[in-house]
**Student:** 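This is the structure I want to talk about, given as structure tokens.
Values below: all heavy atoms of this structure, side chains included; hydrogens, waters and symmetry mates excluded.
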Amino acid sequence: MGKDAVTTIEAPAPVAAYSQAVRKGNIVQVAGQVGIDAATGEIVDGGVAGQTRQVFANLRAVLRAAGADLDDVVMMRAYLTDTAHFAEFNAVYNELVSEPYPARTTVYVGLPARLLVEIDALAVLDPR
């Protein structure tokens with residue numbers, strides 16, 4: 001069983017040698033998405049809340065391109081640049097993710113300038 005790269009113009013293009021997502025069988029791994037609007041190539045305004053909303057728009061776009069959606073996600077990894085952003089991030093996350101919630105890990109990292117949040121997702125689909 002081979003693996004296939006997933007690509008969409010509805011999410012920011014990769015900036016290095018990686019795919020927006022990879023699908024192998026019924027598993028889709030979406031690369032970390034950040035708060036960049038694919039149409040403009042710019043980081044969105046609105047702080048961590050605005051960037052989190054854009055991250056989810058990008059995740060949804062890549063998942064759709066792979067034949068999936070947020071309901072197929074079983075694991076999310078969230079990367080924040082500042083512990084002070086957790087409550088605001090979590091409030092937006094709770095608006096956008098529904099039960100049964102995916103498993104989640106949240107860690108604090110350094111991201112490129114002005115980026116405050118990044119999220120990657122693992123989705124499992126019904127077999128083709």
Side-chain angles (χ1 to χ4, degrees):
M1 172 184 322
K3 65 181 181 178
D4 298 306
V6 175
T7 304
T8 179
I9 62 169
E10 302 297 319
V15 297
Y18 62 89
S19 299
Q20 288 171 314
V22 173
R23 181 172 178 160
K24 183 166 182 164
N26 65 332
I27 297 173
V28 177
Q29 176 64 57
V30 179
Q33 298 296 306
V34 294
I36 293 177
D37 182 330
T40 66
E42 299 294 325
I43 297 171
V44 299
D45 293 330
V48 72
Q51 287 190 29
T52 300
R53 289 182 195 291
Q54 184 63 51
V55 165
F56 271 87
N58 296 340
L59 286 170
R60 279 190 203 97
V62 177
L63 286 164
R64 276 193 310 267
D69 63 38
L70 281 177
D71 290 337
D72 297 309
V73 173
V74 297
M75 176 64 186
M76 288 189 170
R77 283 171 292 269
Y79 308 91
L80 298 174
T81 60
D82 190 331
T83 57
H85 294 156
F86 182 79
E88 185 177 2
F89 160 77
N90 208 47
V92 174
Y93 180 95
N94 289 341
E95 290 175 22
L96 301 174
V97 178
S98 59
E99 293 187 50
Y101 302 117
R104 185 180 95 189
T105 299
T106 304
V107 295
Y108 299 95
V109 299
L111 292 172
R114 297 183 30 239
L115 290 172
L116 304 174
V117 60
E118 180 173 359
I119 301 174
D120 69 70
L122 177 66
V124 179
L125 307 172
D126 293 329
R128 290 184 183 174

**Student:** Of all heavy-atom pairs between Ser19 and Ala31, which one has the smallest distance, and what is that distance?
**Tutor:**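 Heavy atoms only, the tightest pair is O-CB, 3.4 Å.
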
**Student:** List for me each residue that meets ring pair (Phe, Tyr, Trp, His ring centres under 6.0 Å) alongside Phe89, sequence neighbours excluded, and say none if there are none.
**Tutor:**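 Result, ring pair (Phe, Tyr, Trp, His ring centres under 6.0 Å) vs Phe89: Tyr93.
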
**Student:** Per the side chain to side chain donor-acceptor pair (under 3.5 Å) rule, what does the pair list look like for residues 105-117, sequence neighbours excluded?
**Tutor:**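 For residues 105-117: Arg104-Thr106.
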
**Student:** Provide the closest heavy-atom pair for Ala66 versus Leu125 in the form atom of the first, atom of the second, distance.
**Tutor:**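 Nearest pair, atom of Ala66 first, then Leu125: O-CD1, 3.9 Å.
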
**Student:** Would you call Asp120-Arg77 a salt bridge at under 4.0 Å N-O?
**Tutor:**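 Arg77 and Asp120: salt-bridged.
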
**Student:** From Thr52 OG1 over to Leu116 CG, what is the distance, rounded to the nearest 0.5 angstrom?
**Tutor:**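 Thr52 OG1 to Leu116 CG: 8.0 Å, rounded to 0.5 Å.
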
**Student:** Would you mind reporting whether Leu122 and Ile27 have side-chain heavy atoms less than 4.5 Å apart?
**Tutor:**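 Yes - at least one pair of side-chain heavy atoms lies under 4.5 Å apart.
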
**Student:** Would you list the pairs meeting ring pair (Phe, Tyr, Trp, His ring centres under 6.0 Å) in which at least one residue belongs to residues 9-52, sequence neighbours left out?
**Tutor:**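 Of all non-adjacent pairs touching residues 9-52, none passes ring pair (Phe, Tyr, Trp, His ring centres under 6.0 Å).
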
**Student:** Report yes if some heavy atom in the side chain of Gln33 is under 4.5 Å from a heavy atom in the side chain of Val62; otherwise report no.
**Tutor:**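 Contact flag for Gln33/Val62 side chains = yes.
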
**Student:** Counting only heavy atoms not in Ile9, do more than 12 sit closer than 6.0 Å to its CD1 atom?
**Tutor:**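 No, not enclosed.
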
**Student:** Could you tell me whether a side-chain N or O of Asp72 sits under 3.5 Å from a main-chain N or O of Asp69, the two making a donor and an acceptor?
**Tutor:**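 Indeed, once roles are kept as given, a pair shorter than 3.5 Å links the two residues.
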
**Student:** Among all residues two or more places apart in sequence or in another chain, which pass the salt bridge (Lys or Arg N to Asp or Glu O under 4.0 Å) test with Arg60?
**Tutor:**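 None.
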
**Student:** Count the heavy atoms of every other residue, nucleotide or ligand shown that sit under 6.0 Å from CG of Asp45, and state whether that count exceeds 12.
**Tutor:**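 Counting other residues, nucleotides and ligands, CG of Asp45 stays at 12 neighbours or fewer.
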
**Student:** Who passes salt bridge (Lys or Arg N to Asp or Glu O under 4.0 Å) against Glu95, sequence neighbours left out?
**Tutor:**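 In terms of salt bridge (Lys or Arg N to Asp or Glu O under 4.0 Å), with neighbours along the sequence ignored, Glu95 is linked to Arg53.
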
**Student:** Is there side-chain contact between Val97 and Leu70, with heavy atoms separated by less than 4.5 Å?
**Tutor:**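 Of all side-chain heavy-atom pairs linking Leu70 with Val97, none is under 4.5 Å.
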
**Student:** Do the side chains of Val124 and Val22 join up, straight or via other hydrophobic residues, at under 4.5 Å, putting them in one cluster?
**Tutor:**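 No, Val124 and Val22 fall in different hydrophobic clusters.
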
**Student:** For the residue pair Glu118 and Gly32, what are the closest heavy atoms and their distance?
**Tutor:**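 What the structure gives for the nearest pair is OE2-CA, 3.3 Å.
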
**Student:** Check whether any side-chain heavy atom of Thr8 sits under 4.5 Å from a side-chain heavy atom of Arg64, and report yes or no.
**Tutor:**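 They are not in side-chain contact.
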
**Student:** Would you compute the distance between atom CG of Asp71 and atom OG of Ser98 and round it to the nearest 0.5 angstrom?
**Tutor:**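 That separation rounds to 5.0 Å.
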
**Student:** Between Ile119 and Leu59, is there a side-chain heavy-atom distance shorter than 4.5 Å?
**Tutor:**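 Yes, close enough: below the 4.5 Å cut-off.
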
**Student:** Please examine the side chains of Val73 and Leu63, heavy atoms only from C-beta on, and report whether any two atoms are closer than 4.5 Å.
**Tutor:**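 Answer yes - side chains close enough.
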
**Student:** Same cluster for Leu96 and Tyr101 if Ile/Leu/Val/Met/Phe/Trp/Tyr side chains link at under 4.5 Å?
**Tutor:**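 Leu96 and Tyr101: one cluster.
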
**Student:** Would you say Gln51's side chain and Gly46's backbone share a donor-acceptor pair under 3.5 angstrom?
**Tutor:**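 Such a contact is absent between Gln51 side chain and Gly46 backbone.
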
**Student:** Can you see which heavy atom on Ala121 is nearest to which on Gln29, and at what distance?
**Tutor:**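 What the structure gives for the nearest pair is O-NE2, 3.1 Å.
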
**Student:** For Ile36, what are the other residues in its hydrophobic cluster, where any two members join if their side-chain heavy atoms are less than 4.5 angstrom apart?
**Tutor:**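 Answer for Ile36: Val34, Ile43, Tyr79, Val107, Val109, Leu111, Leu115.
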
**Student:** Where do Val44 and Gly50 come nearest, in terms of heavy atoms and distance?
**Tutor:**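 The answer is CG2-O, 3.5 Å.
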
**Student:** Looking only at heavy atoms, which two atoms of Glu88 and Ala49 are closest? And how far apart?
**Tutor:**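 Where Glu88 meets Ala49 most closely, the heavy atoms are OE2-CB, 3.3 Å.
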
